[in-house]
Each structure stands twice: as structure tokens, then as C-alpha cells.
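Read through the structure below, which is laid out as C-alpha cells, and then see the notes.
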Amino acid sequence: MNAAADLPLPVAIVISACLLAGAGLALTGAIGFVRMATFYQRVHAPTLGSSLGMVLILASSILYFSVQRGALVFHEILIAVFLTLTTPISLMLVVRAALSRDRHEGDLSVPPVERT
Amino acid sequence: MRRWLPHPTMSFVVLGVWLVLNQSLAVGNLLLGAFLGIGLGAAFGRLQPPPLRIRNRRIMAKLFVTVVGDVIRSNLALVRIILGGRTSKLTSGFVAIPLKLTDPYGLAVLACIITATPGTIWVSYRSAQGVLLIHVFDLIDEGEWIATITQRYERPLREIFE
Amino acid sequence: MSATLLGAAVTISQLMLVTAMGLYMTHMVRGPRAQDRVVALDACYVSAMLLLITLGMRTGSTLYFEASAIIALLGFASTVALAKFLMRGEVIE
């Protein structure tokens, strides 16, 4: 981390706080994923890491590189936009697949197929 | 104009993404980005997307602020549930919500909003009946969730897109 | 001073992200059902992407950004393919 030596201390504190909060959210999501009892509860936990956790870590990266280079470096924002757009699609597909599998096996705890 | 740029918004978004990705405004990057924008815009037209109309940008900005606040609040709520150890007596379940929103872009934005707020996940939408099925992590009152989704998100989305 | 602080923060968050990846991987092995494994793999991809971002901050190079963008793209594609496989039993119909 020799490049970080010339960063002002307040900026370093903000970057560290964002980074730790984001990583903490991702870890909390993983803990929740392990602790939940059913599949449908488990799906919710990783969204902690892919919503606010991801935004916090990317924001700290943007801040770090912008201050270090003395110019705005913000291409991380593309990852944030991309993840926000794709997480709903992948989760929705997995949940729908799980639902159709459970329905197929005659699980009574999931809502039945609505007839048109 | 019509012939070269059938979907100007899409082409300019592609150009913008290309410039942000390369972090430069050099002539070569501008030219390549413009070329990609025109080409991909034409390719996008082949998919025959439904026309996009945005009626009200002010409501769109207000909705964005609301959603950011909700994402932060529901993140903290979920953290409290997971680390607070009340996972055993947690009730979660499916909620069916009747929607009046029919615009495909509005529904796509609603799917992003619902899944981006931790604690709710979009499961399926039946366009024939207009019924949306979501799964809620911390389900206490079903009626309250229906009211939240329709009042807080669906109404502004209908004002924006319909 | 700020270098020590940032170095410690990056190390701690990398440890947290690696722990999260480990938890997801144990669940990927343990199961109980195929859909749990798919969601664990998807979450593992996101954690790996965040880990690469922190690695970029540690080395002070923006080269890792491209790698994390590609991981995000591939993670999405693989999750969609696996979900489709769960739903229909084949990826391309």
C-alpha cells in the first residue's frame, strides 16, 4: 500500500469505513444464508451483499482511486448498474425454477398454480 | 436521422458506457463508441422493443430517492434479523398483489425495485390477470405489504410510464 | 498513518469476504437441494467480484476492474443458464 501514503487522513477514514461496512454486509448475508431454515428464506440473505454491500465497496474504490490519481475515476459505477439490473433477473429465474420444482413434487407449503 | 439512429437513446447509452469503460474522451474512443452505438442501436431495433415513453421526470427523481432510502432501511432491518437471532420464530411467505400497471418498462423497474430491497423477491407475474407474486422475508401483515407496493411504487410508476 | 489504516481496513474486509465465500462454498457442497447450490454459486460470484475490487485497492491498480466486470458478466450468464436447467432440464431448447 505504498501508493496510499499521501492520502489525507479524513479521506482514508471515510474509505475504510465504507469498505468495512460493505464487507460486513456481505459477510452478514453469508451468515444469514447459512442460518436460514428454508430455501425461500435463504434466497433473501445474499441480496445484502449485492445491494448495499456492493454499492459501499464500489464507492470506497471510486473515492480511493479518485483521490489517489487526483482525477475522477468512476468506471466502477458500471458494475453497480450492471449488478442492479441483473440480480433481479437471476434471482427471479432461480426462485421460479425452485417453485416449479416444489409444485411438481406436490409440496403444499408453496402457492399452487393459478389456472387461467 | 431516422435511418441512421432509429433508437437514439439506446445509441447514446452505448456511447456513454463505452466512454466510461475506457475513462477517456480521445477521438479514437469517441469514433469507436459512436460506431458501436449506431451498430448496436440498429441491432436493438431488430428486437422490436415496445416504445418507451417517460411522462414525468420529476416523479422519477422522487421515486429514486424513495427507493434509495428503502434499500438502506431494509438492509438494516435484515441485518438486525440475521444477527439478532430471531430467525427461528420468523414468518415468511408468499403474497399475491393485484397490479394495475401493465407497461413492460414499468414492470421491469418494479422488478428491480422489489428485488433490490432486501427482504422481498419478485417471484412471478401473470399478465392475463395482472397478479404479481412476491416472497416476503419478514411477513407480519399481508394487507400492509399490498398497500406498500401499490401505494409506494406502483402509483408513481404508473404516473411515469402510462 | 493513513496508509496503515487503509491497509488494515483492506485486509480485514478481504478476510470478511473470504469468510463469506467459504460459507457459500460449504453450502454449495452441503446442499440440501440443487436450487440452494445455484444461489450459493451466484452469491459466491458476487463475493469474488467484491474481493477483486479490494485487491485492486490493495495494489493501487485499476487493472482489476476489468477482471471484476468480467466475473460479474459470467456470474450472471451462468446463474441464468443453471436456473434454466433447473426449470426445464436442459439449457438450450
Side-chain angles (χ1 to χ4, degrees), chain A residues 1-13 15-20 22-24 26-31 33-34 39 42-43 45-47 49-50 53-54 57-58 60-61 64-65 68-69 73 75-76 78-79 82-83 86-87 89-98 100-102, chain C residues 1-10 12-17 19-24 26-27 30 32-36 38-40 42-44 46-47 49-51 53-54 56-62 64-66 68-69 72-73 75-80 82-88:
Chain A
M1 300 285 297
N2 43 8
D6 46 348
L7 249 62
L9 189 59
V11 179
I13 290 175
I15 293 174
S16 310
C18 277
L19 197 58
L20 288 176
L27 182 59
T28 313
I31 293 171
F33 186 82
V34 174
F39 169 74
R42 218 169 281 145
V43 174
T47 51
S50 61
M54 172 267 295
I57 291 184
L58 291 177
S60 73
S61 171
Y64 172 74
F65 282 113
Q68 186 210 13
R69 305 262 158 108
V73 179
H75 51 4
E76 280 89 349
L78 283 180
I79 294 188
F82 180 77
L83 263 191
T86 56
T87 316
I89 302 174
S90 52
L91 278 186
M92 185 183 82
L93 283 173
V94 176
V95 171
R96 263 165 68 175
S100 76
R101 275 165 72 103
D102 282 345
Chain C
M1 179 61 199
S2 60
T4 345
L5 177 67
L6 269 178
V10 169
I12 293 172
S13 45
Q14 279 183 333
L15 281 176
M16 284 186 188
L17 287 171
T19 315
M21 279 180 79
L23 287 174
Y24 286 130
T26 52
H27 228 86
R30 220 174 57 189
R33 303 201 59 197
Q35 49 261 44
D36 296 280
V38 174
V39 176
D42 185 53
C44 220
V46 174
S47 311
M49 191 212 80
L50 295 178
L51 193 62
I53 297 275
T54 57
M57 289 173 74
R58 171 181 289 281
T59 53
S61 129
T62 50
Y64 289 97
F65 163 78
E66 270 83 10
S68 47
L73 282 166
F76 170 62
S78 71
T79 311
V80 168
L82 283 170
K84 200 131 182 5
F85 179 74
L86 282 187
M87 186 100 96
R88 305 259 186 237

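Below, chains carry the letters A, B, ... as their sequence lines are ordered, and counting in each starts from 1.
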Heavy-atom contact with chain A under 4.5 Å, split by part of C:Ala40: both
Heavy-atom contact with chain C under 4.5 Å, split by part of A:Thr87: neither
Kindly determine whether C:Ile53 and A:Leu58 satisfy side chain to side chain contact (heavy atoms under 4.5 Å, CB included), including the steps that lead there. CA-CA 7 Å; C:Ile53 297 275; A:Leu58 291 177; 3.5 Å; yes
Quick one: of C:Gln14, C:Met49, C:Met16, C:Arg30, who has the most non-hydrogen atom pairs under 4.5 Å with chain A? C:Met16
Name the option with the most non-hydrogen atom pairs under 4.5 Å to chain A; the candidates are C:Ile12, C:Thr26, C:Asp42, C:Asp36. C:Asp36
Just verifying a value: how many Å separate A:Ile15 CD1 and A:Ile57 CD1, rounded to the nearest 0.5 Å? 13.5 Å
Using non-hydrogen atoms and a 4.5 Å limit, figure out which bit of A:Leu9 sits close to chain C: side chain, backbone, both or neither. both
Counting only non-hydrogen atoms closer than 4.5 Å, does C:Met21 touch chain A with its backbone (N, CA, C, O), its side chain (CB onward), both, or neither? neither
Across all chains, not counting sequence neighbours, the ring-ring contact (aromatic ring centres under 6.0 Å, His included) partners of C:Tyr64 are none
Counting only heavy atoms closer than 4.5 Å, note whether C:Ser61 contacts chain A via side chain, backbone, both or neither. backbone
Please test C:Phe76 against A:Ile89 for side chain to side chain contact (heavy atoms under 4.5 Å, CB included), starting from the C-alpha separation and ending with a verdict. CA-CA 9 Å; C:Phe76 170 62; A:Ile89 302 174; 3.9 Å; yes
Which residues share a side chain to side chain contact (heavy atoms under 4.5 Å, CB included) with C:Ala34, sequence neighbours left out: A:Arg101, C:Leu86
Let me confirm one number: the OG-CD distance from A:Ser60 to A:Glu76, rounded to the nearest 0.5 Å. 9.0 Å
Relative to chain C, which segment of A:Phe65 carries a heavy atom at a distance below 4.5 Å: side chain, backbone, both, or neither? side chain
CD1 of A:Ile13 to SG of A:Cys18: how many Å apart, nearest 0.5 Å? 12.5 Å
Is A:Leu19 close to A:Tyr64 at the side-chain level, that is, under 4.5 Å between some pair of heavy atoms? no
Is it the backbone or the side chain of C:Leu15 that comes under 4.5 Å from a heavy atom of chain A, or both, or neither? neither
Greatest number of heavy atom pairs closer than 4.5 Å to chain A - which of C:Leu50, C:Thr79, C:Val80: C:Leu50
Of the backbone (N, CA, C, O) and the side chain (C-beta and beyond), which part of A:Ser100 lies under 4.5 Å from a heavy atom of chain C, both, or neither? side chain
Whatever's closer than 4.5 Å to a heavy atom in chain A on C:Ser47 counts as neither
Among A:Leu91, A:Ile79, A:Leu78, the residue with the most heavy-atom pairs under 4.5 Å to chain C is A:Ile79
Using side-chain heavy atoms (C-beta onward) and a distance below 4.5 Å, is C:His27 in contact with A:Val34? yes
Tell me, for A:Phe82 versus chain C, whether the close heavy atoms (under 4.5 Å) come from the side chain, the backbone, both or neither. side chain
Kindly indicate, with the supporting measurements, whether the criterion side chain to side chain contact (heavy atoms under 4.5 Å, CB included) is fulfilled by A:Leu93 and C:Lys84. CA-CA 7 Å; A:Leu93 283 173; C:Lys84 200 131 182 5; over 6 Å; no
Of all of C:Leu5, C:Leu17, C:Thr4, which one pairs up most often with chain A through heavy atoms under 4.5 Å apart? C:Leu5
